[in-house]
K.L.:
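What follows is a structure written as structure tokens; I'll ask about it next.
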Amino acid sequence: MTVTEKLAALRQNMEARGLAGCIVVTDDFHGSEYVGAHFKAREFLSGFTGSAGTLAVLREGAYLWTDGRYFLQAERQLEGSGIQLMRAGQPGVPTLSQFLAEQLPESGALGFDGRTVSTRLHRTLEKALADKHIRLDGGFDPAVGVWTDRPDQSTAPVWAFDSGVTRREKLTALRQDMAAQKAEWLLLTDLTDVAWALELRGGDVACTPVFLGFLLVGTDSAALYAQAESFAPEIRAALAADSVALRPYGDIYDALRALPEGARVLADSATANSRIAECLAHTAWTDTPSPAARRKAVKAGSEQTGFRQAHLQDGAALCRFLYEMKSRPEAYTELSAAALLRRYRAEQADFLEDSFETIAAYGPHAAVVHYAPAPETDVPLKAQGLLLVDSGGHYARGTTDVTRTIALGPITDEERRRSTQVLQGHIQLAMAQFPQGVMGENLDALARGPLWREGLDYDHGTGHGVGCVLCVHEAPPSFRWRIAEGLAHPALETGMVISDEPGYLRPGRPGPGAADGIGTGLAERLSQAGVCTDRPAGADGGPAMAAGGHRGAVTMAKRKHPDGCFLFFSFRRSFLFSAAPVRHGAYGSPPGAGPACGAAAPAGASAPP
């Protein structure tokens, strides 16, 4: 079926149900960024494969909202489909709720699958459409009757993970968070929160080692609603030993309805779907950011060590790959280059899987932020221009996310200048020092400054948290200057792992030599800005001052290119924030601690390499 035929079939189902429109989101039942094959209804119906986007289908038109990372990709993939691209956040482009309020008829109905639409989005739509008395129908699955060969939900095996903090210790910490808010129940709906809390990993989502499940934590026991066939007997026994009962995945809704009237429940509307909200309507639900997300973002000491070990192995694979690309680029295409890097990673002892689909983008393709090569777009590499490679891996104890922009041969003066500016911004952010309480939003301008000075910018965030053998994009830590409504803006803490990835992206001109996409320069994308070492405050009582610094020396190999320019490649992966003792009376130090007295140092030699 073509996209046009799929939309026609969908409109027939809408008409039969009395719907004036429907929306199809990217999410699964848990608000996940990356989803399993069963949940890719938006991709199936629209043909757009990006990881973020919402499709709205009306009787007379179809529209897809996505963010700046995917404008070029969506433009290409939606061509000829009849779906209009809505460039979210751009001047003159309405939000989804604004558009629907304008386009839907008075007293009409909007359909969607309430299990995939978040409570937060549902509330936004409810408010925006109230004046026109538009009915929200959350019982409509747009894929039913259209996607006839839809894959089943995954039931991949679940396996035990050891972060250095036990499941019992984590559940105790979460119950402390519950007690602080006088709650009787905590509902975890985000898949990475559930996996983190239970010291388990799975395989239900490609490149994200999680399993489908909801975790309902009580004051002295917990229940995991998941697919029983994924759990081996020894995993079930270990859960039971920690007072965690395993129950059927679909029973979560009845379990929530069965909670006592007025029960005090904590849940996060960002990942709790709208059907869950309906089931909690009779309770005293406190909508709060997940306490597991905050705790998960601050890595334990053993997790920090795991990140370093992962980067050592990842760096070995990457060095081999860089050498091969520099030595004989014409032997490869985008796809075969990505496969080569995957093979080099797979040869490392602790490699598990890629942490996201590798972006190997040559020439103009590098201007497509999340471009992934496909047979229909694959191009051969040449001994000229730039190759952008954005990739990462999950290892037994850590996760990597690394970008390199590789000069395969002669490059233009502009490409050299933009690479330099991106590298300058990257280093400025990596070397930042700042007092406790500073947020990522406060530091983002350091990375953009060299480009801003020439009136240039990039249309994506500068950095994101990185999960420990979980999702490579981990909220809430980030570097960005736009204050996003509804998102948490936590202070940066020792132990957070955050990427540092400025870039310069300009739509390419025709021809393989017009390479206009520059990623993180020739320095690192740092899965990095983080792995902060857990150092205590100074002996003088002064608070810890966070600093971006190189963990030891970052080896930079300088290679002379045949055309005479010098190209720099980083062969050490992790830049680290460390907490170093700094006297700073202005930030709450004890009396007599003294004035500010100098810069925080890089992590000490005693930290693991």
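Since we're looking at a predicted model, the values are computed, not measured. All values below were derived from every heavy atom in this structure, side-chain atoms included, with hydrogens, water molecules and symmetry-related copies excluded.
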K.L.:
If you measure only the distance, is there a donor-acceptor pair under 3.5 Å linking the side chains of Tyr371 and Thr377?
P.N.:
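Their side chains do contain a donor-acceptor pair, which is all the 3.5 Å distance test asks for.
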
K.L.:
When rounded to the nearest 0.5 angstrom, what distance separates OG1 in Thr26 from CD in Glu33?
P.N.:
10.0 Å

K.L.:
We want to know whether Tyr332 and Glu324 form a side-chain donor-acceptor pair, criterion being a heavy-atom distance below 3.5 angstrom.
P.N.:
yes

K.L.:
Side chains of Gln73 and Thr49: is there a donor and an acceptor less than 3.5 Å apart?
P.N.:
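Short answer, yes.
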
K.L.:
Should Leu386 and Glu415 count as side-chain neighbours, where that means a heavy-atom distance under 4.5 Å?
P.N.:
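When only atoms from C-beta onward are counted, Glu415 and Leu386 do touch, with a gap below 4.5 Å.
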
K.L.:
Please assess Arg320 against Glu347 for the test salt bridge (Lys or Arg N to Asp or Glu O under 4.0 Å), listing each intermediate value before the final yes or no.
P.N.:
CA-CA 11 Å; Arg320 294 177 65 191; Glu347 291 173 4; 2.6 Å; yes

K.L.:
Enter the distance from Thr54:OG1 to Leu96:CG here, rounded to the nearest 0.5 Å.
P.N.:
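Going from the OG1 atom of Thr54 to the CG atom of Leu96 covers 6.0 Å.
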
K.L.:
Please confirm whether Tyr395 and Phe351 have ring centers closer than 6.0 angstrom.
P.N.:
yes

K.L.:
Please find out if less than 6.0 Å separates the ring center of Phe356 from that of Tyr34.
P.N.:
no

K.L.:
Quick check: closest heavy atoms across Gly463 and Ile498, and the distance to 0.1 Å?
P.N.:
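Residues Gly463 and Ile498, closest heavy atoms: C-CG2, 4.2 Å.
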
K.L.:
What I want to find out is whether Lys40 reaches Asp28 closely enough, with some N-O distance under 4.0 Å, to be called a salt bridge.
P.N.:
no

K.L.:
Working to the nearest 0.5 Å, report the span between NE2 of His426 and OG1 of Thr403.
P.N.:
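That separation rounds to 10.0 Å.
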
K.L.:
Under 4.0 Å between a side-chain nitrogen and a carboxylate oxygen: does that hold for Arg87 and Glu75?
P.N.:
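Yes, charged N to carboxylate O under 4.0 Å.
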
K.L.:
Can you name the nearest heavy-atom pair linking Ser46 to Leu78, along with the distance?
P.N.:
O-CD2, 3.8 Å

K.L.:
Got a second to check how far Gln421's CD is from Arg448's CZ, nearest 0.5 Å?
P.N.:
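These two atoms lie 14.0 Å from each other.
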
K.L.:
For Glu199 and Asp162, which heavy atoms make the closest approach, and how far apart are they?
P.N.:
OE1-CA, 3.5 Å

K.L.:
Verify whether one side chain among Arg417 and Thr412 offers a donor that lies under 3.5 Å from an acceptor in the other.
P.N.:
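There is no such pair between these side chains.
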
K.L.:
Is there a donor in the side chain of Asp190 and an acceptor in the side chain of Thr271, or the other way round, less than 3.5 Å apart?
P.N.:
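Checked: Asp190/Thr271 side chains show no N/O donor-acceptor pair below 3.5 Å.
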
K.L.:
Does a donor on one side chain sit under 3.5 Å from an acceptor on the other, for Asp401 and His464?
P.N.:
yes

K.L.:
Stepwise, does the side chain to side chain donor-acceptor pair (under 3.5 Å) test hold for Ser302 with Thr305?
P.N.:
CA-CA 5 Å; Ser302 56; Thr305 300; over 6 Å; no

K.L.:
Do Gln313 and Asp350 have side-chain atoms, one donor and one acceptor, less than 3.5 Å apart?
P.N.:
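Result is yes, a qualifying pair exists.
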
